[in-house]
Amino acid sequence: MERDSESSDKIFLGVDGGGTKTVCIVMNRRQKVLGQSRTGSSNRNSVGDETARANLQHAIQEALASAGCQTAMIGAICVGMAGVDRPAERTLISSWIHEILPGVPNEIQNDALIALAGGTQGDLFGVAAVSGTGMIVYGIDREGRTRRAGGWGPLFRDKGSGYAIGKAALTAIAQAVDGLGPATALEGAILDYLDLSTPQALIPWAYADLSWARIAELAPLVVECAQQNDPVAQTIIQEAAIDLAAAVEVVVRNLHLLNEQIPIVMAGRNLLPGLLSNLVVQHLGGLTPNAQIIRTNAEPALGAALLALKHLQKGSQDEHTAGN
């Protein structure tokens, strides 16, 4: 009984390590959020290993402080990040957690998987379509088979990502200025947002810092201009929606679930309820007619915390089975 009481007091940490920010959530066994934090990016492909690890550690420490909890109370932690599907990268992130939280059980997952868990309350069945700084579509069936599309990063032009949308906007402005494309309200909107006086000033702004998040930060402005009926912005957002829907369709088809009532979780800043999300759903209606679309404001880090809880529960069950 003493051990059960001690276990019931445990807390669980979920981390979403994105290209723009790192969110850490502290949750108890009853799935009540006790505290959370938000720091800079911990995507090592975006900011490098040193900064990524520092931001990850800071996020964990800040979340524990906000919850008023000690490290000794942690039952397990799950970290979701882009680019951890390969063993070497997963091992590296796991080693960071061992250094930051010695002895704490950890699980390292793809960032799309924690978004799926967040939308399905921890049920790892379905597809997550994520569009933030980057994009990825990740699916898993009831047997645990997985398929994915996207997640290659901006150099491989992940269509439908915030980076791709922002880059398309900058290209459209350059073409308009050169007389190679139509005039667009994007020019004024982006110059005002960046406090720049001329389109040519975009050149030193862009090349001064090539981090992906700065370009992706422009995506909401493109949506705003599209909503104000700017044809160029509308074309960019429409193409992004088509690309995202196509990626979802190919993942569902490769899992042989086109005719199933599969949940599709829309996640990431760009797929919050709004124009782009609505267009993606519209296109999916003809591609995956039986899908259950889930649009949630829940942080993917919450899904990671739910997976941390499941991780400890599974470990306890395995230990109990072995004892019998």
Side-chain angles (χ1 to χ4, degrees), residues 16-20 43 45 80-86 109-120 123-165 168 212 216 219 236-296 298-300 303-304 307:
D16 175 25
T20 302
N43 183 327
N45 295 319
M81 284 185 177
V84 295
D85 292 321
R86 292 163 289 277
Q109 295 289 359
N110 184 283
D111 57 343
L113 192 70
I114 66 170
L116 176 63
T120 61
D123 183 15
L124 292 184
F125 167 68
V127 172
V130 184
S131 175
T133 300
M135 68 76 64
I136 186 172
V137 176
Y138 191 96
I140 182 168
D141 67 12
R142 289 294 186 192
E143 284 69 47
R145 291 183 290 260
T146 62
R147 294 292 186 274
R148 57 178 285 169
W152 290 83
L155 293 180
F156 293 87
R157 197 179 168 221
D158 272 341
K159 296 180 178 181
S161 66
Y163 179 89
I165 293 170
W212 310 340
I236 293 172
I237 296 304
Q238 186 67 252
E239 289 178 352
I242 291 170
D243 291 333
L244 285 166
V248 172
E249 189 271 342
V250 77
V251 168
V252 174
R253 176 160 43 83
N254 286 337
L255 287 172
H256 307 290
L257 294 170
L258 276 178
N259 297 316
E260 302 292 329
Q261 292 184 336
I262 184 171
I264 297 176
V265 177
M266 313 285 280
R269 178 184 61 190
N270 301 317
L271 288 178
L272 292 172
L275 176 62
L276 179 58
S277 178
N278 291 341
L279 288 172
V280 173
V281 172
Q282 178 183 320
H283 290 301
L284 286 176
L287 298 174
T288 57
N290 296 320
Q292 174 196 2
I293 306 297
I294 300 174
R295 292 196 270 190
T296 175
E299 288 280 4
L307 293 181

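It should be emphasised that the depicted structure is a prediction, and the values quoted were computed from it without experimental measurement. Basis for what follows: all heavy atoms, side chains included, without hydrogens, waters or symmetry-related copies. Residues take their numbers from the sequence shown, with the count starting at 1.
- At distances below 3.5 Å, at least one donor-acceptor pair connects side-chain atoms of Asp158 with backbone N or O atoms of Gly151.
- With Leu255 as the fixed residue, the side chain to side chain contact (heavy atoms under 4.5 Å, CB included) test singles out one of Val252, Leu258, Val251: Val251.
- For Asn259, the CG atom is loosely surrounded, since the number of other residues' heavy atoms within 6.0 Å does not exceed 12.
- Within the 4.5 Å cutoff, no side-chain heavy atoms of Leu279 are placed close to those of Leu244.
- Pairing each heavy atom of Ala117 with each of Leu124, the nearest pair is CB-CD2, 4.0 Å.
- When all heavy atoms of Tyr163 and Trp212 are compared, the closest pair comes out as CD1-O, 3.7 Å.
- Pairing each heavy atom of Gly80 with each of Ile114, the nearest pair is CA-CD1, 3.7 Å.
- Checked by atom type and distance alone, the side chain of Thr133 never pairs as donor or acceptor with a backbone atom of Ala216 at under 3.5 Å.
- Annotation for Val130 and Ala115: closest pair CG2-CB, 4.0 Å, computed over non-hydrogen atoms.
- Rounded to the nearest 0.5 Å, atoms CG (Leu287) and CD (Gln282) are 11.0 Å apart.
- Nearest heavy atom pair, residue Met135 against residue Lys159, reads CG-O, 3.2 Å.
- Between Val281 and Met266, some side-chain heavy-atom pair lies under the 4.5 Å cut-off.
- Note that the CD1 atom of Ile140 and the CZ atom of Arg147 stand 11.0 Å from one another [nearest 0.5 Å].
- Ser131 and Gly162 get closest at one heavy-atom pair: OG-N, 4.0 Å.
- Remark: Leu257 CG to Thr288 OG1 distance equals 11.0 Å, nearest 0.5 Å.
- The distance from the CG atom of Asp243 to the CD atom of Glu239 is 7.0 Å, given to the nearest 0.5 Å.
- Residues Arg148 and Asn110 form a side-chain contact, since some pair of their non-hydrogen atoms from C-beta on lies under 4.5 Å apart.
- Within the 4.5 Å cutoff, the side chain of Arg142 has heavy atoms near those of the Asp123 side chain.
- With respect to Ile294, the side chain to side chain contact (heavy atoms under 4.5 Å, CB included) criterion is satisfied by exactly one of Leu116, Thr120, Ile264, Val127: Thr120.
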Q) Yes or no on side-chain contact (heavy atoms from CB on, under 4.5 Å) for Val250 and Val137, after CA distance, side-chain angles and deciding distance? A) CA-CA 9 Å; Val250 77; Val137 176; over 6 Å; no
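- Distance check: Thr146 OG1 to Leu113 CG gives 9.0 Å after rounding to the nearest 0.5 Å.
- Other residues, nucleotides and ligands contribute only 12 or fewer heavy atoms inside 6.0 Å of the CD atom of Gln261.
- Atoms CD1 and CD1, on Ile165 and Ile236 in that order, are 8.5 Å from each other to the nearest 0.5 Å.
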